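Read through the structure below, which is laid out as structure tokens, and then see the notes.
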Amino acid sequence: MSRVTAAIEAAQAAGRAALVGYLPLGFPDIETSVAAAVTLVESGADIIELGPPYSDPVMDGAVIQEATTIALQNGFRVRDIFPAIKAISERVAAPILVMSYWNLILQYGVDRFAADLRDAGGAGLITPDITPEFAGEWIAAAEKYDLDRVFLAAQTSTDERLQLIAENSRGFVYAVSTMGITGAREELDAAAESLVQRLRAAGAKHVCVGIGITNAAHVKAVAGYADGAIVGTALVKALRDGGIDRLSSVAAELATGTKRLHNS
């Protein structure tokens, strides 16, 4: 069993959904981003999602773009990913997923990236801009190094594509709650529940929902039909505006929403 699957199933055994917390690596600096990731787990997150800064993001909203720009301006480079993950993994047991645009991994070298990620204690990758039919090299590397591979599924995906995504994902499938970029939203798109149901019908064992999940009420709603809720912008904003203490408070509040998971 993968470490990510184990974390999700441990949360289910406790009667709740998993909380997946996203933070950009290197924001506002490497040392603080490591401490922030540790704080996430200590405050209730079950899985850590780390985003290496990228100069041309296609999915990130304004808050995350601002944070990654600051990280790049402060000197963060690809080579810094692995020492940071190692430092986090030495302090907490929660699985660490890297959420990265594919070009960064391709330029580094797919096999080399996978090997270095495994050696640093990472659990796998979330790849938002590559689909399974074009990910053969990554799937092979993930198998070789026993890493999870999380592909994204959208409401516009056909049933055939959802089946392909479900068959090739390990850990969970990332269900995009609404079309568009990351960021805070007042309400979640009701179509997210339908997408989760379609993914289950397509064979997905575990599905977590992300994009636009902003508060504990959103998390609670997602916990009613999915295996986990993925939160990013609200956590990055908390770290930006109030540092580690504010991040801890917001993460703990979000974690309260994972309780009372309905049977699904």
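Keep in mind that what you see is a predicted model, and the values were worked out from it rather than measured.
When side chains are defined from C-beta on, Val150 does not count as touching Met99, because their heavy atoms never get closer than 4.5 Å. At least one side-chain heavy atom of Tyr22 sits less than 4.5 Å from a side-chain heavy atom of Val236. Two residues are said to be in side-chain contact when any heavy atoms from C-beta on lie closer than 4.5 Å; Val231 and Val250 fail this criterion. Residues Asp29 and Phe76 have side chains not in contact (no heavy-atom distance under 4.5 Å, counting atoms from C-beta outward). Two residues are said to be in side-chain contact when any heavy atoms from C-beta on lie closer than 4.5 Å; Lys144 and Arg118 fail this criterion. Counting heavy atoms from C-beta on, the side chains of Leu97 and Val20 never come closer than 4.5 Å. Inter-residue side-chain proximity for Ile81 and Tyr108 is flagged as unmet; no heavy-atom pair is nearer than 4.5 Å. When side chains are defined from C-beta on, Cys208 does not count as touching Tyr174, because their heavy atoms never get closer than 4.5 Å.
A donor-acceptor pair under 3.5 Å links the side-chain atoms of Ser177 to the main chain of Ile211, judged by distance alone. A donor-acceptor pair is defined here as one N or O able to donate and one able to accept, closer than 3.5 Å; such a pair exists between the side chain of Arg149 and the backbone of Asn168. Judged purely by atom type and a 3.5 angstrom limit, Ser248 has no side-chain atom pairing as donor or acceptor with the backbone of Ile244. Asp129 places a side-chain N or O within 3.5 Å of a backbone atom of Trp102 that can act as its donor or acceptor partner. Proximity of a side-chain donor or acceptor of Asn74 to a complementary backbone N or O of Pro28 within less than 3.5 Å is detected.
Note that CG of Leu199 is 8.0 Å distant from OG of Ser157, once rounded to the nearest 0.5 Å. For the atom pair CG of Leu25 and CD1 of Ile96, the computed distance is 9.0 Å after rounding to the nearest 0.5 Å. Annotation: the span from Glu133 atom CD to Arg161 atom CZ amounts to 4.0 Å, rounded to 0.5 Å. Atom OG1 of Thr127 sits about 7.5 Å away from atom CG of Leu152, to the nearest 0.5 Å. Taken to the nearest 0.5 Å, the CZ atom of Arg246 stands 10.5 Å off from the CG atom of Leu235. The OG1 atom of Thr32 sits 11.5 Å away from atom CG of Leu23, with the distance rounded to the nearest 0.5 Å.
The heavy-atom pair separating Leu254 from Ala216 by the smallest distance is CD2-N, 3.8 Å. Closest of all the heavy-atom pairs between Val173 and Ala204 is CG2-CB, 4.0 Å. The heavy-atom pair separating Ala175 from Val196 by the smallest distance is CB-CG2, 4.4 Å. Summarising the geometry of Gly26 relative to Ser33, their closest heavy-atom pair is N-OG, 3.1 Å, with the distance given to 0.1 Å. Asp46 and Ala18 get closest at one heavy-atom pair: OD2-CA, 3.3 Å. Of all the heavy atoms in Thr68 and Pro24, the pair that sits closest is CG2-CB, 3.9 Å.
Ring geometry for Phe113 versus Phe82: interplanar angle over 60°, hence perpendicular rather than tilted (30 to 60°).
One finds a salt bridge joining Asp159 and Arg198 here, because a Lys/Arg side-chain nitrogen approaches an Asp/Glu carboxylate oxygen to under 4.0 Å. The pair Asp146-Arg3 does not count as a salt bridge, with every side-chain nitrogen at least 4.0 angstrom from each carboxylate oxygen.
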Going through the distances and angles, do Glu49 and Ile126 end up as a side chain to side chain contact (heavy atoms under 4.5 Å, CB included)?
CA-CA 8 Å; Glu49 177 186 345; Ile126 300 172; 3.6 Å; yes

Just do the side chain to side chain contact (heavy atoms under 4.5 Å, CB included) check on Val207 and Tyr225 with the steps written out, would you?
CA-CA 9 Å; Val207 183; Tyr225 58 82; over 6 Å; no

Do Ile213 and Val219 pass the side chain to side chain contact (heavy atoms under 4.5 Å, CB included) test, and can you show the C-alpha distance, the side-chain angles, and the key distance before you say yes or no?
CA-CA 7 Å; Ile213 300 176; Val219 173; 3.8 Å; yes

Quick one, Val38 with Glu90, criterion side chain to side chain contact (heavy atoms under 4.5 Å, CB included). Give me CA distance, side-chain angles, the key distance, then yes/no.
CA-CA 10 Å; Val38 172; Glu90 288 175 345; over 6 Å; no

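In this model, no donor atom of one side chain and acceptor atom of the other lie less than 3.5 Å apart for Asp119 and Tyr145.
Put simply, Val176 and Leu164 are part of two different groups of oily side chains (I, L, V, M, F, W, Y) that touch within less than 4.5 Å, one to the next.
No more than 12 heavy atoms of other residues, nucleotides or ligands shown are found within 6.0 angstrom of CD on Glu31.
Each of Leu117, Ile105, Ile130 was checked for a side chain to side chain contact (heavy atoms under 4.5 Å, CB included) with Ser100, and the lone residue meeting it is Ile105.
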